[in-house]
Amino acid sequence: SARRTVAARNAAAAAQAQRLLSERDVVMLLHEKGALALPQLIKHFKEVLPSFGAEEKKYLQDIIKKVAKLDKRADGSYAVLKDTTMHEYGLRRP
């Protein structure tokens, strides 16, 4: 039915997002930049991925929640790597 087709399409989009966007990509970008405003972080991946829709955005947000903490500043929320993520990837703060 139509509902099953939509679910299958969503699953395929999510699988593609996972192939094109890895947790490591997000970790390494945040490690290189130190901290990134959420809109900048999303914009970066919008520019490098061939398609960036709702599924990709949700997948990216899930990765960000897992590997980063939000640092709320006067000019917005910034993603900063969690200490546990730094340890897991063998990284040191710059």
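This is a predicted model, so every value here is computed, not measured.
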Nearest heavy atoms of [X] and [Y], plus distance in Å:
X: Leu21; Y: Val26; answer: CD1-CG2, 4.2 Å
X: Ala79; Y: Leu38; answer: CB-CD2, 4.1 Å
X: Ala35; Y: Val80; answer: CB-CG2, 3.8 Å

About how many Å separate [atom2] of [Y] and [atom1] of [X], when rounded to the nearest 0.5 Å?
X: Phe52; Y: Lys43; atom1: CZ; atom2: NZ; value: 12.5 Å
X: Gln40; Y: Tyr78; atom1: CD; atom2: OH; value: 6.0 Å
X: Leu29; Y: Leu81; atom1: CG; atom2: CG; value: 9.0 Å
X: Thr84; Y: Met86; atom1: OG1; atom2: CE; value: 10.5 Å
X: Leu41; Y: Ile64; atom1: CG; atom2: CD1; value: 4.0 Å

- Task: Could you tell me whether the side chain of Lys82 and the main chain of Lys65 form a donor-acceptor pair under 3.5 Å?
- Result: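 Side chain of Lys82 to backbone of Lys65, a donor-acceptor pair under 3.5 Å: yes, one is there.
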- Is the backbone N or O of Gly53 less than 3.5 Å from a side-chain atom of Glu56, with the two atoms forming a donor-acceptor pair by type?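 Such a contact is found between Glu56 side chain and Gly53 backbone.
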- Query: Would Leu91 and Met28 count as a side-chain contact (heavy atoms from CB on, under 4.5 Å) if you check the C-alpha gap in whole Å, the side-chain angles of each, and the deciding distance to 0.1 Å?
  - Reply: CA-CA 9 Å; Leu91 302 171; Met28 291 307 164; 4.2 Å; yes
- For side-chain contact (heavy atoms from CB on, under 4.5 Å), just list the numbers for Asp25 and Ile63, CA-CA rounded to whole Å, side-chain angles, deciding distance to a tenth of an Å, and then say yes or no. CA-CA 10 Å; Asp25 293 334; Ile63 291 174; over 6 Å; no
- Query: Can you tell me if CZ on Arg93 sees more than 12 non-hydrogen neighbours from other groups inside 6.0 Å?
  - Reply: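 Counting neighbours around CZ of Arg93, more than 12 heavy atoms of other residues, nucleotides or ligands fall under 6.0 Å, so yes.
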- Message: Looking at Lys46, I'd like to know if its NZ atom is crowded, meaning that more than 12 non-hydrogen atoms belonging to other residues, nucleotides or ligands lie closer than 6.0 Å.
- Response: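 For Lys46, atom NZ is not crowded (no more than 12 foreign heavy atoms under 6.0 Å).
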- Message: Which residue in the set Glu23, His31, Arg24 passes side chain to side chain donor-acceptor pair (under 3.5 Å) when paired with Tyr89?
- Response: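 The residue from Glu23, His31, Arg24 that satisfies side chain to side chain donor-acceptor pair (under 3.5 Å) with Tyr89 turns out to be Glu23.
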- Task: Decide salt bridge (Lys or Arg N to Asp or Glu O under 4.0 Å) for Asp62 and Lys58; before the verdict, give the C-alpha distance in whole Å, the side-chain angles of both, and the deciding distance to 0.1 Å.
- Result: CA-CA 6 Å; Asp62 290 345; Lys58 183 187 177 319; 3.0 Å; yes
